[in-house]
Amino acid sequence: MKPKKALVLNILFETPFRTSFDNRIAQAFQPLEIPYDTVHLEDLGKIGDMERYTHLLISGSTESAAGENTWYAELDTLLRRFINDEKSILAICFGHQFLVRHILGKHHVRKSPTPEIGWADITLSDNPIFKNMHSLKSSVFHYDEVFDLDDRFEITASSDRCAVHGFQVKGKNIWGVQFHPDFMYRDVFEFAEELEKDGGVPEGSRSRTEVSPEEFRENDQIFKNWFEIS
């Protein structure tokens with residue numbers, strides 16, 4: 001069997017978000033002993049030999065998957081390659097939305113009538129990506145959402161404000177999660193507070209669910225399960 005190695009795509013623009021993601025992935029992957037390479041947005045077109053990678057992790061972004069951007073075509077090409085080669089994909093927030101866009105079209109991504117900022121209680125299905133997990137508290141930062149998925153998708157997670165917090169493409173090692181297991185615990189509080197100060201939190205969208213460091217560490221299980229089952 002080919003040794004596992006992940007391509008981690010960090011497409012966050014803002015330095016605090018980008019750094020938090022990089023630090024969090026290092027924290028979560030270190031005990032798993034899975035080698036990985038991180039590629040930032042400016043190097044998206046310079047990845048080179050993709051045969052060495054068995055897994056693809058896609059970060060969130062402050063861009064909208066319902067819109068257009070010059071680098072979206074490169075991301076589509078990368079996704080097409082991983083999907084055609086039947087490799088494993090885990091896509092987070094914007095990545096989760098862009099994956100739906102790639103498969104179904106951008107008309108399945110919309111502005112959420114109930115955005116979420118801060119922390120949320122996530123309801124999980126018994127999907128293998130959530131093995132040994134019965135409940136989850138995770139961070140949430142999204143203004144868009146996916147909707148009206150067809151029968152190629154199994155919905156795996158939800159919250160009281162978002163009906164599709166997770167999915168798996170049926171029969172494929174392809175998952176998306178709207179929530180964020182990929183930011184450092186303390187940074188989540190700072191990000192939410194900064195957004196609130198800047199007026200970036202619509203009324204009613206700030207989730208103030210109390211989450212301890214121990215509860216947040218349950219998010220690590222998602223990465224562990226991903227590598228174990230694919």
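Starting from 1, each residue takes its place in the sequence as its number.
In terms of heavy atoms, T54 sits closest to P3 at CG2-O, 3.5 Å. P181 approaches F216 most closely through the heavy-atom pair O-CZ, 4.2 Å. Closest approach of I58 to G95, counting heavy atoms only: CG2-CA, 3.9 Å.
Put simply, F17 and M184 are part of two different groups of oily side chains (I, L, V, M, F, W, Y) that touch within less than 4.5 Å, one to the next. A single hydrophobic cluster is not seen to contain both L99 and V140; linkage of ILVMFWY side chains at heavy-atom distances under 4.5 Å, directly or through other members, places them apart. Following chains of ILVMFWY side-chain contacts shorter than 4.5 Å, one can reach V146 starting from F98, so the two form part of one hydrophobic cluster. Hydrophobic clustering of Ile, Leu, Val, Met, Phe, Trp and Tyr side chains at less than 4.5 Å, counting indirect connections, unites L195 with I92. Cluster annotation: V164 is connected to F94 through the hydrophobic network of ILVMFWY side chains, with a link wherever side-chain heavy atoms come within less than 4.5 Å.
Between D182 and R24 no salt bridge is recorded (no basic side-chain N to carboxylate O distance below 4.0 Å). Of the charged side-chain nitrogens involved, at least one lies within less than 4.0 Å of a carboxylate oxygen, so that D85 and R81 count as a salt-bridged pair. Between K106 and E68 there is a salt bridge, since a side-chain N of the basic residue sits under 4.0 Å from a carboxylate O of the acidic one. Using a cut-off of 4.0 Å between Lys/Arg side-chain N and Asp/Glu carboxylate O, E42 and R18 are scored as salt-bridged. Using a 4.0 Å cut-off between a side-chain N of Lys or Arg and a carboxylate O of Asp or Glu, R186 and E190 do not qualify as a salt bridge.
The distance from the CG atom of L44 to the CG atom of L75 is 6.5 Å, given to the nearest 0.5 Å. Considering CD1 of I174 and CD1 of I89, their distance stands at 4.5 Å, rounded to 0.5 Å.
For H96 and F179, the gap between ring centers reaches or exceeds 6.0 Å. Between F183 and F21, the gap from one ring centroid to the other reaches at least 6.0 Å. Taking the six-membered ring wherever Trp is involved, the centroid distance between the rings of Y36 and Y53 does not fall below 6.0 Å. The six-membered or imidazole ring of H102 lies away from that of H108, with a centre-to-centre distance of 6.0 Å or more.
Within a 6.0 Å radius of NE2 in H107, other residues, nucleotides and ligands contribute more than 12 heavy atoms. Atom CG of D150 has more than 12 neighbouring heavy atoms from other residues, nucleotides or ligands inside a 6.0 Å radius.
The main-chain N or O of D151 is found under 3.5 Å from a side-chain atom of K170 such that the two form a donor-acceptor pair. Remark: the backbone N or O of A65 is paired with a side-chain donor or acceptor of R101 at under 3.5 angstrom. Distance alone, capped at 3.5 Å, places no donor-acceptor pair between the S205 side chain and the I117 backbone. Proximity of a side-chain donor or acceptor of T114 to a complementary backbone N or O of R161 within less than 3.5 Å is detected. Between the E215 side chain and the S212 main chain, a donor and an acceptor come within less than 3.5 Å of each other. The main-chain N or O of H180 is found under 3.5 Å from a side-chain atom of S139 such that the two form a donor-acceptor pair.
The side-chain hydrogen bond (donor to acceptor under 3.5 Å, both in side chains) test with W175 singles out one residue from N127, N225, T156, and that residue is N127.
Residues D22 and H40 form a side-chain contact, since some pair of their non-hydrogen atoms from C-beta on lies under 4.5 Å apart. Side chains of L56 and L79 form a contact here, defined as non-hydrogen atoms less than 4.5 Å apart. A 4.5 Å side-chain heavy-atom check between Q178 and Q97 finds at least one atom pair inside the cut-off.
Judged by a 6.0 Å distance limit and a 45° cone about the ring axis, R110 is positioned over the six-membered ring of F147.
For K172, there are no side chain to side chain donor-acceptor pair (under 3.5 Å) partners two or more places apart in sequence or in a different chain. The salt bridge (charged side-chain N to carboxylate O under 4.0 Å, His left out) search around K46 returns D43, not counting sequence neighbours.
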Pair K224-E228, salt bridge (charged side-chain N to carboxylate O under 4.0 Å, His left out): steps then yes or no: CA-CA 6 Å; K224 183 174 186 291; E228 285 183 350; 2.7 Å; yes
Residue pair D37, K5: steps toward the salt bridge (charged side-chain N to carboxylate O under 4.0 Å, His left out) verdict: CA-CA 8 Å; D37 292 329; K5 184 173 185 177; 3.4 Å; yes
Derivation and outcome, salt bridge (charged side-chain N to carboxylate O under 4.0 Å, His left out), residues K137 and E218: CA-CA 8 Å; K137 295 179 187 291; E218 290 294 314; over 6 Å; no
Check against side-chain contact (heavy atoms from CB on, under 4.5 Å), I129 and I222: CA-CA 6 Å; I129 200 74; I222 295 168; 4.1 Å; yes
Full working for side-chain contact (heavy atoms from CB on, under 4.5 Å) between L104 and L149: CA-CA 8 Å; L104 293 180; L149 306 188; 3.9 Å; yes
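Using a 30° and 60° split on the angle between ring planes, F227 and H55 fall in the tilted class, from 30° to 60°. Aromatic ring pairs are classed by plane angle as parallel below 30°, tilted from 30° to 60° and perpendicular above 60°; the pair F29 and W226 is tilted. Note on ring orientation: taking the six-membered ring where Trp is involved, the planes of H165 and H142 are perpendicular (angle over 60°, cut-offs 30° and 60°).
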